[in-house]
Engineer: 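Have a look at this one before I ask anything.
Throughout, protein chains are lettered first and strands after them, A, B, ... in sequence-line order, and every chain is numbered starting at 1.
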Amino acid sequence: MQMLCAALAAVTLALPQRDNIHQGQGRGQGQGQGSGDTTFAVQSGARLDVNNFGGEIVVKTWNQNSVQVRSSHSSRSQVNVSATGSTVLVRTEGRRGPPSIVDLDITVPTWMGMTLSGTYTDISVDGAGGSVTAESVQGDIAVTGGTGNVALKSVEGGVTLAKTRGRIEVNSVQGDISIEEASGDITVETVNGDITLTRIDAANVEVNTVDGEVLYDGSIKPGGSYRLGTHDGDITVVIPPGTSVSGSLSTFDGDWDASFAVDTLRVARHRFTFAIGRGGNSARLELETFSGNIKLRRPGEVDLESRKHKNSGHSHNDRDNDNEQYN
Amino acid sequence: MPRQVLEDTLTADSIAADTALAASGDPSAFERLYRSHVARVHTLVRRMLDADEADDVTQDVFIRAWQKLSTFRGESAFGTWLHRLAVNVVLARRKRVGVERGRFLTEDGPLDGVTGRRETPELSLDFEEALARLPAGARQVFVLHDVEGYRHDEIARMLGVVPGTSKSQLHHARMALRRHLDR
Amino acid sequence: MNDQWTNRLSEYLDGELDNEERVALEAHLATCGSCYATLAELRQVVARAQSLADSSPSTDLWPDIRARLTPSRRAAVDRPDRLVRRRFSLTVGQLLAASIVLALLSAGGMWIGLRSTKPTVTANQNVTSPPPDYTLASAGRWRTSTDAAVTELEEALARNQGQLDTATVRVLRQNLAVIDRAIAQAQRALKRDPGSNYLNLHLANTMRQKIELLRRANALAAGQS
């Protein structure tokens, strides 16, 4: 917050203090459709803040220092774009009563950080170069890009994240989480859903689900810490040859197996302490499930494609029904 | 899950401190190490050798640990180090008391050994008792492999046999013990 | 039963057959109930071996060991103040470990409400953090305070769930049920094996997830007025 205030002095937005871009009656299908399209310049350091109660927030990036906001919605809603300090605010509201569905299509400079939120809202971001915070209650979140803090949360909805670096936090309650090609520190938690992390470059990874499978396929760095847990589901970890790693494998009702030699140092009840490879500064790997199996594999041995298909079949998005409900 | 870190760290911390204190000659620190590790060592010894030797050999293990503590560098956990040391003491003992290699190699009827040795109807034996009545070779391989988690190549090296022998002894032991799953 | 195959079952169980042998044995297993049953028994033997408990000797061996300890070479140069310092550093180490864990817990444990940062209930925020002297003995105490927090948050959610739409309440309830099932399973397992560190910690972690979900549900209810 303080940093934002400091940046604020140096930045002024080329934007009127209150620029309502809502356009009047449309002629679209069904009941009156509205649409809006406005473009304005922003100076470096500005941040995008969007709240959309229901519908879609789609953010793309370009190499221009300007923001374009396009919207489509019924005549009962309106979209307000305004600026507070260095923040561009996009808000949707109903003219009477609760807001209805609005689809927002926003293009921002690549460097722009953003905070996107909604309730019945699908959020997608493509090519972000700054920090990304996205929160929805019922809706999927899909982000590619993002640096610095990347925090994605949904309650009922899947979350996918790709090509990201920084401090990554992803939460859902009911929904699968998938992260691909990411580097930094990663914390992931869901209750009912699978967690799939592939092509990861991270030294600190913490993953928890209650009912779901966990896959980690990425780097295991010297001195790194990797903790993956589920209650009901398998845990699969890919360990590249030459990796030096030790830790524990715990399962109550399941087994563990590795496709290569693992040194089991101590076998307690349901908990195995193990070591793989030799080296001074080995990584720490803690895997814990209750009624699932633990699988240690070499790169290439896990069929990622079939897992992806399986995951996409789990999609919790039923947006179409919501549209009817709230229009 | 972080509770695990805490618990492990605290336990490891106090054991590491006691190890350092014991290495510098503090008998009460060493007593704490003894108290927290004696069950592990005694059980290992009892399973590997005969029950009546277990007390003596356990004492030997701890005395040897006290003497060698100054060479413990803390690269592994104290428990791991002590465990290895206990295994070595047991193996040395095994050679000394004449659990000779020849017997180990020719003794491939552990199934008969269990059923034939005593009058007790075999089904009334609990798992530990059945394990204790296996012939020494099969019992040691079983304990090292299935209980302690060593691999066949390591066991073969420790016991001075070929891995194939270790594997077949293990299989015989398991086949004998499946009749005594006491649950 | 076919001895040719039976003798390979242990190796199969241990993953020591090569691919060709494994495939052949699996093909045989699919056709031979006796081998299949033997394999299951062998698996149980292995599981039993891994669950064998350690037991202490029936007599205390320490007095005899103590009598045989000779002073080590370094003992003479070790002065009491050095020991005191070591003890002190241990305490610092413990505190440090505890604080790291507290930080980890609160980092993992803080859910920020979607539309509001004001939670309806300010249940003790530290409740998911075990006390610094966390041991198995104190796990019971910790669980009691966790139970209290869960009750408090559940009551708050019952009062406020009218603020949430039906679909969201349904999802939250379903997922609380998923967690409750997991908790019940862990508790049942723990009854059979009360000393298990792993089960105690697993239960604690699952309880933490329940508290986080309840907190988040309450924060949602607070934000959606």
Engineer: Less than 4.0 Å between a side-chain N and a carboxylate O, is that true for B:D60 and C:R68?
Structural biologist: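 Salt bridge flag = yes for B:D60 with C:R68.
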Engineer: Passes side chain to side chain contact (heavy atoms under 4.5 Å, CB included), C:R48 versus B:L177? Steps please.
Structural biologist: CA-CA 10 Å; C:R48 183 75 183 89; B:L177 289 171; over 6 Å; no
Engineer: Against chain B, work out which of C:P57, C:S58, C:S56, C:A53 has the most heavy-atom pairs shorter than 4.5 Å and name it.
Structural biologist: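 The residue among C:P57, C:S58, C:S56, C:A53 with the greatest pair count is C:P57.
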Engineer: Please flag which part of B:F30 lies under 4.5 Å from any non-hydrogen atom of chain C: side chain, backbone, both or neither.
Structural biologist: both
Engineer: Would you say C:D14 and B:H152 make side-chain contact, with heavy atoms under 4.5 Å?
Structural biologist: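 Side-chain contact under 4.5 Å: yes.
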Engineer: Could you walk me through whether C:D60 and B:R35 pass the salt bridge (Lys or Arg N to Asp or Glu O under 4.0 Å) test, one step at a time?
Structural biologist: CA-CA 10 Å; C:D60 187 2; B:R35 300 271 170 225; 3.1 Å; yes
Engineer: With a 4.5 angstrom heavy-atom cut-off, which part of B:L44 approaches chain C: side chain, backbone, both or neither?
Structural biologist: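 The answer is neither part of B:L44.
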Engineer: Quick one: does B:Y34's side chain have a donor or acceptor within less than 3.5 Å of a partner on C:L61's backbone?
Structural biologist: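 Between the backbone of C:L61 and the side chain of B:Y34 there is a qualifying donor-acceptor contact (under 3.5 Å).
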Engineer: Decide yes or no for C:E11 and B:K167: does some side-chain heavy atom of the first lie under 4.5 Å from some side-chain heavy atom of the second?
Structural biologist: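 SC-SC contact between C:E11 and B:K167 confirmed.
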Engineer: So, taking the atom named CZ in C:R66 and the one named CZ in B:F62, what distance separates them when rounded to the nearest 0.5 Å?
Structural biologist: 15.0 Å
Engineer: Taking the side chain as C-beta and beyond, is there a heavy-atom pair between C:V45 and B:F127 under 4.5 Å?
Structural biologist: yes
Engineer: If we only count heavy atoms from C-beta on, is the C:L52 to B:T43 side-chain gap below 4.5 Å?
Structural biologist: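 Result no, sub-4.5 Å side-chain heavy-atom pair not found.
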Engineer: Which residues pass the salt bridge (charged side-chain N to carboxylate O under 4.0 Å, His left out) test with B:D55, sequence neighbours left out?
Structural biologist: none
Engineer: What residue among B:H42, B:R46, B:R40 forms side chain to side chain donor-acceptor pair (under 3.5 Å) with C:S55?
Structural biologist: B:R46
Engineer: Atom CG of C:N7 and atom CE of B:M175: how far apart are they, to the nearest 0.5 Å?
Structural biologist: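 It comes to 7.5 Å.
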Engineer: Just how far is it from atom CZ of B:R178 to atom CZ of C:R43, taken to the nearest 0.5 Å?
Structural biologist: 14.5 Å
Engineer: Using side-chain hydrogen bond (donor to acceptor under 3.5 Å, both in side chains) as the criterion, list what pairs up with B:N88, not counting sequence neighbours.
Structural biologist: none
Engineer: Quick one: does B:R47's side chain get under 4.5 Å of C:D54's, heavy atoms only?
Structural biologist: yes
Engineer: Is the shortest distance from a Lys or Arg side-chain nitrogen in C:E41 or B:R179 to a carboxylate oxygen in the other one below 4.0 Å?
Structural biologist: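 Salt bridge between C:E41 and B:R179, a charged N being under 4.0 Å from a carboxylate O: yes.
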